[in-house]
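Heads up, the thing below is written out as structure tokens.
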Amino acid sequence: MPAEGSHRGGETPEIAAVREVAEETGIDAEIIQPLGVIDYWFTGDDRRVHKVVHHYLLEARAGIITTDKDPDHEAEVARWIAVADLMRELAYPNERKMAQAAARLLAIAP
């Protein structure tokens, strides 16, 4: 469901999302529609970092779910989660809001 990404030179958020999902999960996917944007700050390596994450509803087209080919080793685990389990599995309220938006679009009760 969610995809996020750092844009590489000239990439749109959509292109970055599809690329990062493929890199971090092994799944080739297609964007169905945007879900929203999460904008936040965090501290790391003696500096504050501003991050803007674009989330999309995607449809898996091919691939086997794995983190083995993640070039930056950012993804720790890649696995399918039932929509009914998302509220329990996602750590942050803003992520849960994106999951609820996806569930509404899919007409699935989270």
The test is side-chain contact (heavy atoms from CB on, under 4.5 Å); show your working for K51 and W41 and say whether it passes. CA-CA 6 Å; K51 190 162 186 178; W41 289 86; over 6 Å; no

Evaluation steps, side-chain contact (heavy atoms from CB on, under 4.5 Å), between L57 and L106: CA-CA 9 Å; L57 178 62; L106 296 169; 4.1 Å; yes

Kindly determine whether Y40 and V49 satisfy side-chain contact (heavy atoms from CB on, under 4.5 Å), including the steps that lead there. CA-CA 8 Å; Y40 63 96; V49 177; over 6 Å; no

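Take A101 and apply the side chain to side chain contact (heavy atoms under 4.5 Å, CB included) test, not counting sequence neighbours, and it matches L35, R104.
Nearest approach of H55 to I38, heavy atoms of both residues: NE2-CD1, 3.5 Å. In terms of heavy atoms, A75 sits closest to E24 at CB-O, 3.6 Å. Heavy atoms only, all atoms of each residue included: M87 and Q100 are closest at CE-CG, 3.7 Å.
Between V52 and V37 the shortest side-chain heavy-atom distance falls below 4.5 Å.
Annotation: the span from I64 atom CD1 to T25 atom OG1 amounts to 11.5 Å, rounded to 0.5 Å. One distance of note links CG of D28 with CG of L58; it measures 11.0 Å at 0.5 Å rounding.
Placement of V18 and I15 in two distinct hydrophobic clusters is found when ILVMFWY residues are connected by side-chain heavy-atom separations under 4.5 Å, directly or transitively.
For R79 and E89, the salt-bridge test passes: some basic side-chain N is under 4.0 Å from an acidic carboxylate O.
Taking the six-membered ring for Trp and thresholds of 30 and 60 degrees, Y56 and H54 have nearly parallel ring planes, at less than 30 degrees apart.
Applying the salt bridge (Lys or Arg N to Asp or Glu O under 4.0 Å) test to residues at least two apart or on different chains, the pairs with a partner in residues 54-72 are E30-R61, E59-R61.
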